[in-house]
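Single-structure report; data block below.
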Amino acid sequence: MADFPIELVRGRFPALSLTDKGRRRIYLDNPAGTQVPQAVADAVSRCLLTTNANLGGFFETTLAAQQVVDDAHAAMADFLGAASVEEIIIGANMTTLTYHMSRTLGRTMKPGDEIILTRMDHEGNVSPWLQLAEDLGLVVRFLPFDDKSWQVEEARLKALLSERTRLVALNYASNLTGSINRVSELTALAKQAGALVYVDAVQFAPHGLIDVQALGCDFLVCSAYKFFGPHMGILWGRRDVIDALKPYKCRCSSNHLPERFELGTPQIELMAGLTAAVDYFADLGAAAGEGGSRRQRIARAFEVSIAYENALARQLIEGLSDIEGLTIRGITDPERFGDRVPTISFTVEGIAPETIVRQMNAENIFLWSGHNYAWEIVHQLGIPPEQGVVRIGIAHYNTAAEIDETLESVHRVIAMLRQQRA
């Protein structure tokens, strides 16, 4: 952790210095959305004030607005390792993009075709496909995760694949357990069966370098507001795949890539913020000593932040593990921290998660309870969905001191609740 420039990082985020009635804030709600650097807010503001116009004209502000849009696509191509900016589709959010793409892909499917969904996914990568299957008469096969490895295992996927499988939808990392799937291996199996692969990388994107070309998948989607950017979603689609698709769109709108998949007037000011968020990672990589391309600097940023986040996750997991009756729902072996992101969820015997979270929220420690849209996970684990889990999500702007304060609060709150129940 000593090599990570934590003070430099925290200095970029104005929200981290805010207080409420003199009380500090500890942001551990990061899986639901991170705070943003000053540069992101500045970029959004600057765009609204100086380049506020629609696209397609010949005057200065419309030309400048087009440059903002182009820059955002180029930034995300670098962030995801895409082969071309034409493979980057930017929209409202991950769920909206997935619904749109599911309907577009539905045009290539027929009754009796099969799709495979995992029980590890966020509902945003489940419901669109379930409803498509209902509309078209498709067969849905559910792929459970292994509750010992906490991952989707290749053998289980292989057993479900058939010549009728048209699509496999899976996630890169879970927003509840934090587990990272072996996406490239799972994708290779699906491709051998002739299926398309759609990857939800929303929870992985803030915590690890994505290389869509190396993964071999056909689609990958993420959300900027989970990696220090504005509220919008990004979908990467392999060029030869998306070029062959006929999207739902206005008759007179562009047929070029990626515009034909980007419905309506784009969120131009948010695209300015998106570029700034990507450049934040590149700046962090430069601060860590990388002087190469933006992609190389982004890679270096993840290299140093992963080591830093893993140390915080270990501190948190070790501190939670000595609480009697507390069960961490995910990987706890330090030797396997490479197989998880620093999102830690737990339940406590006899205590509703919400009662813990309400007490900690009152202490200005921000975290969540509930199923957090990991609907299939809580059902597979036998957790009442109306209760769910306590979820603590670390980002690389958090500190060891904040984890210590959080652990002290967890211990004290659980002891207090048990005493009240006695």
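Being a predicted model, the structure only gives us computed values, none of them experimental.
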Query raised in the report: Ignoring hydrogens and geometry, is there a side-chain-to-backbone donor-acceptor pair from Asn171 to Met120 under 3.5 Å?
Result: yes

Query raised in the report: Between Leu381 and Arg119, is any pair of side-chain heavy atoms under 4.5 Å apart?
Result: no

Requested in this report: Return the orientation label for the Trp150 and Phe145 ring planes: parallel under 30°, perpendicular over 60°, tilted otherwise.
Outcome: parallel

Query raised in the report: Is a side-chain N or O of Gln35 found less than 3.5 angstrom from the main chain of Leu16, in a donor-acceptor match?
Result: no

Query raised in the report: Can you list the steps and then say if Trp236 with Ile210 is a side chain to side chain contact (heavy atoms under 4.5 Å, CB included)?
Result: CA-CA 11 Å; Trp236 168 85; Ile210 296 171; over 6 Å; no

Query raised in the report: Can you check whether Tyr397's main-chain N or O pairs, donor with acceptor, with Arg10's side chain at less than 3.5 Å?
Result: yes

Query - Reported CG-to-CG distance for the pair Leu157 and Leu143, which is rounded to 0.5 angstrom - result: 5.5 Å

**Report entry** Modelled atom types, side-chain donor and acceptor of Tyr225 and Asn93, under 3.5 Å
**Finding:** no

Query raised in the report: To the nearest 0.5 Å, how far apart are CG in Asn125 and CG in Leu130?
Result: 10.0 Å

Query raised in the report: Of the non-hydrogen atoms in Leu245 and Met101, which two are nearest, and what is the gap between them?
Result: CD1-SD, 3.9 Å

Query - Pair Gln67, Asp71: side-chain N/O donor-acceptor within cut-off below 3.5 Å - result: yes

Query raised in the report: Between Glu153 and Arg182, is the closest basic N to carboxylate O distance under 4.0 Å?
Result: yes

Query raised in the report: Would Tyr99 and Tyr248 count as a close aromatic pair, with their ring centres under 6.0 Å?
Result: no

Report summary line: In short, Ala288 meets Val304 closest at the heavy-atom pair CB-CG1, 3.9 Å

Report summary line: So CD of Gln387 and OG1 of Thr355: to nearest 0.5 Å the spacing works out to 8.5 Å

Report summary line: Minimal heavy-atom distance between Leu132 and Gly106, with the atoms involved, is CD1-CA, 3.8 Å

Query raised in the report: Is Thr399 close to Ile6 at the side-chain level, that is, under 4.5 Å between some pair of heavy atoms?
Result: yes

Query raised in the report: Just wondering, do Val168 and Leu186 contact through their side chains at under 4.5 Å, heavy atoms?
Result: no

Query raised in the report: Can we call the ring centroids of Phe228 and His396 under 6.0 Å apart?
Result: yes

Query raised in the report: Which of these passes side chain to side chain contact (heavy atoms under 4.5 Å, CB included) with Leu55: Val68, Leu63, Val69?
Result: Val69

Query raised in the report: Counting only heavy atoms not in Glu335, do more than 12 sit closer than 6.0 Å to its CD atom?
Result: no

Requested in this report: Assess whether side chain to side chain contact (heavy atoms under 4.5 Å, CB included) is satisfied between Val278 and Met76, documenting all intermediate values.
Outcome: CA-CA 7 Å; Val278 172; Met76 283 308 303; 3.9 Å; yes

Query raised in the report: Is the side chain of Thr177 donor-acceptor paired with the backbone N or O of Ser174 at a distance under 3.5 Å, no angle test?
Result: no

Report task. Verify ring pair (Phe, Tyr, Trp, His ring centres under 6.0 Å) between Phe227 and Phe79, making sure each step is shown before the conclusion. Result -> CA-CA 11 Å; Phe227 57 84; Phe79 190 76; 4.6 Å; yes

Report task. Please say which of Thr343, Val357, Ile344, Leu176 ends up in a side chain to side chain contact (heavy atoms under 4.5 Å, CB included) with Arg391. Result -> Thr343

Report task. Return yes if some donor-acceptor pair links the side-chain N/O of Arg164 with the main-chain N/O of Leu161 below 3.5 Å, else return no. Result -> no

Query raised in the report: Could you state the interatomic distance from CG (Leu274) to CD1 (Ile90), rounded to the nearest 0.5 Å?
Result: 5.5 Å

Query - Arg314 with Glu318: basic N within carboxylate O range, under 4.0 Å - result: yes

**Report entry** Atom CD of Glu60: over 12 foreign heavy atoms under 6.0 Å
**Finding:** no

Requested in this report: Run through Phe204, Tyr373, Trp375 and flag the one making a ring-ring contact (aromatic ring centres under 6.0 Å, His included) with His122.
Outcome: Tyr373

Query raised in the report: Atom CZ of Arg156 and atom CD of Gln151: how far apart are they, to the nearest 0.5 Å?
Result: 14.0 Å

**Report entry** Any side-chain donor near an acceptor of the partner, Glu269 and Asn52, under 3.5 Å
**Finding:** no

Query - Steps toward side chain to side chain contact (heavy atoms under 4.5 Å, CB included) verdict (His73, Met271) - result: CA-CA 8 Å; His73 287 82; Met271 289 186 179; 4.2 Å; yes

Query raised in the report: So, Thr98 and Tyr198: side-chain donor and acceptor under 3.5 Å apart, yes or no?
Result: yes

Query - Option passing ring-ring contact (aromatic ring centres under 6.0 Å, His included) with Tyr27 (candidates Phe366, Trp368, Phe13) - result: Phe366

Query - Modelled atom types, side-chain donor and acceptor of Glu123 and Ser127, under 3.5 Å - result: yes

Query raised in the report: For Ala72, does its backbone N or O pair with a side-chain atom of Thr275 as donor and acceptor, under 3.5 Å?
Result: yes

Query raised in the report: Which pair of non-hydrogen atoms, one from Asp218 and one from Leu196, has the smallest distance, and what is that distance?
Result: OD2-CA, 3.2 Å

Query - Side-chain donor/acceptor of Thr34 to backbone N/O of Asn30, under 3.5 Å - result: no

Query - Gln213 backbone acceptor or donor facing Asp211 side chain under 3.5 Å - result: yes

Query raised in the report: What pair of heavy atoms forms the shortest contact from Asn398 to Gly393, and how long is it?
Result: OD1-O, 4.1 Å

**Report entry** Glu354 CD: over 12 foreign heavy atoms closer than 6.0 Å
**Finding:** no

Report summary line: Heavy-atom nearest pair, Ala276 first then Ala39, reads CB-O, 3.6 Å

Query raised in the report: Is Arg297 salt-bridged to Asp279, going by a charged N under 4.0 Å from an acidic O?
Result: no

Requested in this report: Look up atom OH in Tyr172 and atom CG in Asp200, then write down how far apart they are to the nearest 0.5 Å.
Outcome: 12.0 Å

Query raised in the report: Got a salt bridge between Glu114 and Arg141, using NZ or NE/NH1/NH2 to carboxylate O under 4.0 Å?
Result: yes

Query raised in the report: Any side-chain heavy atom of Cys222 sitting closer than 4.5 Å to one from Leu80?
Result: yes

Query raised in the report: Would Arg300 and Glu303 pass as an ion pair if we require N to O under 4.0 Å?
Result: yes

Query raised in the report: Is the number of heavy atoms from other residues, nucleotides or ligands within 6.0 Å of CZ (Arg358) greater than 12?
Result: no

Query raised in the report: Between Gln131 and Arg103, is any pair of side-chain heavy atoms under 4.5 Å apart?
Result: yes

Query raised in the report: Got Ile392 and Ile365 here, is their nearest side-chain heavy-atom distance under 4.5 Å?
Result: no

Query raised in the report: Is a side-chain donor or acceptor of Lys226 paired with a backbone partner of Pro31 at a separation under 3.5 angstrom?
Result: yes

Query raised in the report: Can any side-chain N or O of Gln315 pair as donor or acceptor with the backbone N or O of Ala400 at less than 3.5 Å?
Result: yes

Requested in this report: Could you tell me whether the side chain of Thr62 reaches within less than 4.5 Å of the side chain of Asn54, counting heavy atoms only?
Outcome: no

**Report entry** Residues Asp70, Val85; criterion side chain to side chain contact (heavy atoms under 4.5 Å, CB included); working and verdict
**Finding:** CA-CA 8 Å; Asp70 293 344; Val85 294; over 6 Å; no

Report task. Report yes if the side chains of Ile89 and Phe219 come closer than 4.5 Å at any heavy-atom pair, otherwise no. Result -> no

